[in-house]
**Student:** 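Okay, here's the structure, questions in a sec.
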Amino acid sequence: MPNYIIPLTDAEAWAKSWQSNPPKPLAKAHLIPLVVLEELLAIPELANVRAYMGVDTSGQQKLIFVGVNGNGDDITDTIFSGTQPCPDTCDPNSPLYNP
């Protein structure tokens, strides 16, 4: 099974890349592996989940997931990604997909 945990340094670089130079065209959606959501939900102090937009070193758009505690603070000791952007992972039959 793939490991979807990414280092904080990668997450920081990906988010900074997105925020300083958003890619064009923007992804229409992201396919999220179920295991990422399951692992997020297993974080003991989890109250919410936050998703940051990012661009990895290959230029691929990613969502970066962090757990959020009851105070609203990011739990950055375990950060997840592994999403796949649409296009490429789109459902062309979805009413939400507009090419």
Side-chain angles (χ1 to χ4, degrees):
M1 173 179 1
N3 180 4
Y4 297 110
I5 297 173
I6 62 171
L8 176 59
T9 54
D10 286 355
E12 289 173 320
W14 296 3
K16 183 176 182 178
S17 177
W18 176 281
Q19 294 164 10
S20 63
N21 187 23
K24 305 264 186 302
L26 296 176
K28 295 177 180 290
H30 287 265
L31 182 65
I32 305 164
L34 183 58
V35 67
V36 169
L37 301 176
E38 292 170 339
E39 290 186 28
L40 272 165
L41 293 174
I43 296 172
E45 62 271 29
L46 186 75
N48 292 291
V49 174
R50 185 169 285 125
Y52 289 92
M53 285 76 71
V55 178
D56 70 13
T57 55
S58 72
Q60 187 173 56
Q61 297 175 58
K62 297 285 188 177
L63 289 180
I64 304 161
F65 296 102
V66 294
V68 178
N69 67 24
N71 295 324
D73 302 321
D74 288 352
I75 304 167
T76 58
D77 52 338
T78 307
I79 302 171
F80 299 89
S81 189
T83 62
Q84 299 171 17
C86 163
D88 293 344
T89 59
C90 303
D91 174 1
N93 299 313
S94 172
L96 300 177
Y97 177 70
N98 299 296

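These numbers come from a predicted model, not from an experiment.
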**Student:** Quick one: do Glu39 and Ile5 satisfy side-chain contact (heavy atoms from CB on, under 4.5 Å)? Show the steps, please.
**Tutor:** CA-CA 10 Å; Glu39 290 186 28; Ile5 297 173; 4.3 Å; yes
**Student:** Does the side chain of Phe80 come within less than 4.5 Å of Asn3's, by heavy atoms?
**Tutor:**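 In short, these two side chains do not touch, never coming nearer than 4.5 Å.
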**Student:** Would you say Ser20's side chain and Lys16's backbone share a donor-acceptor pair under 3.5 angstrom?
**Tutor:**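 Yes: the side chain of Ser20 pairs with the backbone of Lys16.
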**Student:** Going by atom types only, do Ser58 and Asp56 share a side-chain donor-acceptor pair under 3.5 Å?
**Tutor:**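 Yes.
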**Student:** Does one hydrophobic cluster hold both Met53 and Leu37, with members joined at side-chain heavy-atom distances below 4.5 Å?
**Tutor:**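 Yes, same cluster.
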**Student:** Taking atom NZ of Lys62 and atom CD1 of Ile32, what is their separation to the nearest 0.5 Å?
**Tutor:**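 Atom-to-atom, Lys62:NZ and Ile32:CD1 are 11.5 Å apart.
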**Student:** Is there a path of hydrophobic side-chain contacts, each under 4.5 Å between heavy atoms of I/L/V/M/F/W/Y residues, joining Val35 to Leu46?
**Tutor:**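 Result: yes, single cluster for both.
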**Student:** Using 0.5 Å steps for rounding, measure from the OG1 atom of Thr83 to the CZ atom of Phe65.
**Tutor:**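 If I round to the nearest 0.5 Å, the distance is 6.0 Å.
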**Student:** Only pairs at least two apart or in different chains count here, so list each side chain to side chain donor-acceptor pair (under 3.5 Å) that has a residue in residues 88-99.
**Tutor:**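 Those involving residues 88-99 do not exist here.
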**Student:** Before you tell me yes or no, could you show the steps for Glu38 and Leu41 under side-chain contact (heavy atoms from CB on, under 4.5 Å), namely the whole-Å CA-CA distance, both residues' side-chain angles and the distance that decides it to 0.1 Å?
**Tutor:** CA-CA 5 Å; Glu38 292 170 339; Leu41 293 174; 5.9 Å; no
**Student:** Any sub-3.5 Å donor-acceptor pair from Asn71's side-chain atoms to Asp73's backbone N or O?
**Tutor:**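 Answer holds: no.
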**Student:** In Å and rounded to the nearest 0.5 Å, what is the CG to CZ distance from Asn48 to Arg50?
**Tutor:**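 So the gap between those two atoms works out to 8.0 Å.
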**Student:** Can you list the steps and then say if Val66 with Ile75 is a side-chain contact (heavy atoms from CB on, under 4.5 Å)?
**Tutor:** CA-CA 6 Å; Val66 294; Ile75 304 167; 5.9 Å; no
**Student:** Verify, without hydrogens or angle tests, whether Gln61 (side chain) and Ala27 (backbone) share a donor-acceptor contact under 3.5 angstrom.
**Tutor:**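 It does hold such a pair.
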**Student:** If you round to the nearest 0.5 Å, how far is OH of Tyr4 from CG of Leu40?
**Tutor:**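 It is 13.0 Å, given to the nearest 0.5 Å.
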**Student:** I'd like to know if the side chain of Ser81 reaches the main chain of Leu63, judged simply by a donor and an acceptor atom lying under 3.5 Å from each other, with no hydrogens or angles considered.
**Tutor:**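 Checking the backbone N and O of Leu63 against the side chain of Ser81, a donor-acceptor pair under 3.5 Å is found.
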**Student:** Can you get from Leu34 to Leu31 by hopping between Ile, Leu, Val, Met, Phe, Trp and Tyr side chains that sit under 4.5 Å apart?
**Tutor:**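 Cluster IDs for Leu34 and Leu31 differ.
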**Student:** For the SG atom of Cys90 and the NZ atom of Lys28, what is their distance to the nearest 0.5 Å?
**Tutor:**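 Rounded to the nearest 0.5 Å, the SG-NZ separation comes to 7.5 Å.
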**Student:** Are Tyr52 and Val55 grouped together when hydrophobic residues (ILVMFWY) are joined by side-chain heavy atoms under 4.5 angstrom apart?
**Tutor:**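 As far as the 4.5 Å side-chain criterion goes, Val55 and Tyr52 are not connected within one cluster.
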**Student:** Given side-chain contact (heavy atoms from CB on, under 4.5 Å), test Ile64 with Ile79 step by step and report yes or no.
**Tutor:** CA-CA 7 Å; Ile64 304 161; Ile79 302 171; 3.4 Å; yes
